[in-house]
Visitor: 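Sending over a structure as structure tokens; questions will come in a sec.
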Amino acid sequence: MISRRNLLAASAMGAAMTVSAAKAGSFGNPDEPPQGAINAKGPGNLRDPGPQSQILGDQFPSAQSPPATDVGDMPTTWASFNNAPKRIQNGGWARQVTVADFAISKEISGVNMRLTAGGIRELHWHQAAEWAIMTYGTCRVTVLDAHGRPYVADVKKGDLWYFPPGAPHSLQGLGPDGCEFVICFDDGHADEFNTLLVSDWFAHTPPEILAKNFGVPADTFAKIPLHNLWIFQGTVPGDLAADRVAIQKDAPVATHPFIFPLGSSRPFKSSDTGSIQVADSNNFKVSTGIAAALVTVRPGGIREMHWHPNADEWQYYIKGKARMTVFDTGPNALTTDFNAGDIGYVRRNLGHYIENVGDTDLQFIGVFRSPHYEEVSLSNWLAHTPPKLVAQHLNVDEATIESWPDDAPGLMAKR
Ligand code: MN
Ligand code: MN
């Protein structure tokens, strides 16, 4: 007998018709007619002679030849910053993927931004909560919360920030080379190119109102910019301690930091196969609207089959090569490839797993519109269900079921 695993391996390698494949019949996808290269009779089925972009096609091997177990017509789970148009100004740039670009991404929209050393993302605010992870360099952030508590901090690679909805804030790149980061808003429609900007409000307020509001003569505002700044080049900020003193005055002191060092935090799960680090309102107190899991998977490892009961998962792929399959009712199963700079999306409660299919570490972050991180592990569920009951479902003997992981490992190594 040919094992299911060997057949899966043969399928993954895109093997042409072999004796074993012929014997497999409708292996994998049990639906009729059978799908997948392994069930196609003859090499002509696998050729693709028409016009195509080799470079683009090669990035999506699972679309070129899906596993035979894939079925149905699920909407895409893939988007990317790599082909999102950049808005470039003097001081940095940003690009975004909102629900307008990525139909299933209803709970989260994403922004990728770069600021030069001294580059300023103008003082602004918005309706959505803002969560972010630094992926390069360092940045100084300022924010004022709804209790009038000012806050300033420097953020490095692997750190997060969280600004509640409506809390006014700024971002500025530090030396030597500024920064790059990814922002998530807790609303798929949120638009980084359309925020409430301090320069816009000044320009659209009568000078005599500005004079009354700030208790100064109207000509104080003779030189305000008439067009918004959004991103602009400023001078590199000085000492953080001096900025702390300058902003605090007699205001109440922020009771919790608006930043969190996720990259160096104690893992939620850890093994030889990698780690999962979590930041939610349990350890990152101010982050009441967003939870996140930073997942690192060694080559050959898998982020185990699981789902999230409380929120959709918005993913940003930081490094390595991933292949994710999402399972839905129908049945539907869709396998897609992800590279650095890509975005993935899994609706709440849909089963999924992610393989590291590269030769280097895979790292991605999952972002959830929820105060708490939650997951359900398939193996943990079955290991904590009477073995006799599970055995009758799967035709696997009870002794084998007893050997399955019973601690929700998060990650599993290649066997
Ligand atoms: Mn913002
Ligand atoms: Mn997940």
Side-chain angles (χ1 to χ4, degrees), residues 87-94 96 98 100 109 111 113-132 139-155 161-174 178 183 185-187 189-255 258-259 286 289:
R87 175 173 166 182
I88 304 173
Q89 294 187 190
N90 188 33
W93 52 255
Q96 67 180 2
T98 74
S109 74
V111 176
M113 187 178 291
R114 154 93 178 138
L115 295 172
T116 60
I120 296 171
R121 171 62 174 92
E122 174 181 352
L123 289 159
H124 70 282
W125 71 103
H126 27 74
Q127 282 93 347
E130 173 173 325
W131 173 100
C139 181
R140 182 162 300 175
V141 302
T142 73
V143 61
L144 181 75
D145 75 7
H147 303 285
R149 299 180 290 205
Y151 184 82
V152 60
D154 289 349
V155 183
W161 70 72
Y162 181 85
F163 303 143
H169 53 275
S170 69
L171 315 168
Q172 185 171 22
L174 299 173
I183 291 172
F185 295 117
D186 65 346
D187 173 3
H189 291 94
D191 184 342
E192 177 65 9
F193 302 151
N194 192 20
T195 56
L196 294 146
L197 302 171
V198 71
S199 60
D200 271 343
W201 205 10
F202 270 71
H204 295 275
T205 302
E208 61 272 23
I209 296 293
L210 292 173
K212 271 188 201 170
N213 191 69
F214 290 97
V216 294
D219 63 7
T220 305
F221 306 102
K223 293 179 181 170
I224 62 168
L226 300 181
H227 300 285
N228 72 63
L229 302 165
W230 189 60
I231 285 176
F232 65 104
Q233 185 62 47
T235 56
V236 177
D239 188 41
L240 176 62
D243 268 1
R244 281 217 173 97
V245 171
I247 67 168
Q248 190 63 46
K249 299 180 179 168
D250 291 328
V253 175
T255 48
F258 286 81
I259 67 170
V286 300

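Index from 1, following the sequence. These figures come from a predicted structure and were not determined experimentally.
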Visitor: Taking side-chain hydrogen bond (donor to acceptor under 3.5 Å, both in side chains) as the definition, give me every residue that meets it alongside Thr220, ordered by chain and number, with sequence neighbours left out.
Guide: none
Visitor: Tell me the closest heavy-atom pair linking Ser109 and Ala190, and the distance in Å.
Guide: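 Here Ser109 and Ala190 meet closest at OG-O, 2.9 Å.
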Visitor: Can you name the residues that form a side-chain contact (heavy atoms from CB on, under 4.5 Å) with Leu240, not counting sequence neighbours?
Guide: Arg140, Val152, Asp154, Arg244
Visitor: Side-chain contact test, heavy atoms from C-beta onward, threshold under 4.5 Å: evaluate it for Phe185 versus Glu130 and give yes or no.
Guide: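 They are in side-chain contact.
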Visitor: Hey, can you pull the donor-acceptor pairs under 3.5 Å for the side chains in residues 222-237, sequence neighbours left out?
Guide:
| unit_1 | atom_1 | unit_2 | atom_2 | d |
| --- | --- | --- | --- | --- |
| Trp230 | NE1 | Glu192 | O | 3.2 |
| Gln233 | OE1 | Thr116 | OG1 | 2.5 |
| Gln233 | NE2 | Ala117 | O | 2.9 |

Visitor: Measure the shortest side-chain to side-chain distance between Gln172 and Arg121 over non-hydrogen atoms and say whether it is less than 4.5 angstrom.
Guide: no
Visitor: Using the side-chain contact (heavy atoms from CB on, under 4.5 Å) criterion, which residues pair with Pro252? Sequence neighbours excluded.
Guide: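 Partners of Pro252 under the side-chain contact (heavy atoms from CB on, under 4.5 Å) test: Arg149.
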Visitor: With a 3.5 Å cut-off and sequence neighbours excluded, list the donor-acceptor pairs that the side chains of residues 200-213 form with protein atoms.
Guide:
| unit_1 | atom_1 | unit_2 | atom_2 | d |
| --- | --- | --- | --- | --- |
| Thr205 | OG1 | Trp201 | O | 2.6 |

Visitor: With rounding to the nearest 0.5 Å, note down the distance linking CG in Asn194 to CD in Gln96.
Guide: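 Atom-to-atom, Asn194:CG and Gln96:CD are 9.0 Å apart.
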Visitor: Out of curiosity, Leu123 CG to Leu144 CG, how far, rounded to the nearest 0.5 Å?
Guide: 11.0 Å
Visitor: What closest approach, in Å, do His126 and Leu196 show between heavy atoms, and which atom pair accounts for it?
Guide: CA-CD1, 4.2 Å
Visitor: Among all residues two or more places apart in sequence or in another chain, which pass the ring pair (Phe, Tyr, Trp, His ring centres under 6.0 Å) test with Tyr162?
Guide: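 Once residues adjacent in sequence are excluded, Tyr162 has no partner under the ring pair (Phe, Tyr, Trp, His ring centres under 6.0 Å) criterion.
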Visitor: So, using side-chain contact (heavy atoms from CB on, under 4.5 Å) as the criterion, who are the partners of Ala251 when residues are at least two apart?
Guide: Pro150, Gln248
Visitor: Not counting sequence neighbours, which residues clear side-chain contact (heavy atoms from CB on, under 4.5 Å) with Ala132? List them please.
Guide: Trp161, Ile183
Visitor: Taking side-chain hydrogen bond (donor to acceptor under 3.5 Å, both in side chains) as the definition, give me every residue that meets it alongside Gln89, ordered by chain and number, with sequence neighbours left out.
Guide: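 side-chain hydrogen bond (donor to acceptor under 3.5 Å, both in side chains) list for Gln89, sorted by chain: Arg87.
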Visitor: Begin with the C-alpha distance, continue with both residues' side-chain angles, and end with the deciding distance and a verdict on side chain to side chain contact (heavy atoms under 4.5 Å, CB included) for Phe163 and Leu171.
Guide: CA-CA 12 Å; Phe163 303 143; Leu171 315 168; 4.0 Å; yes
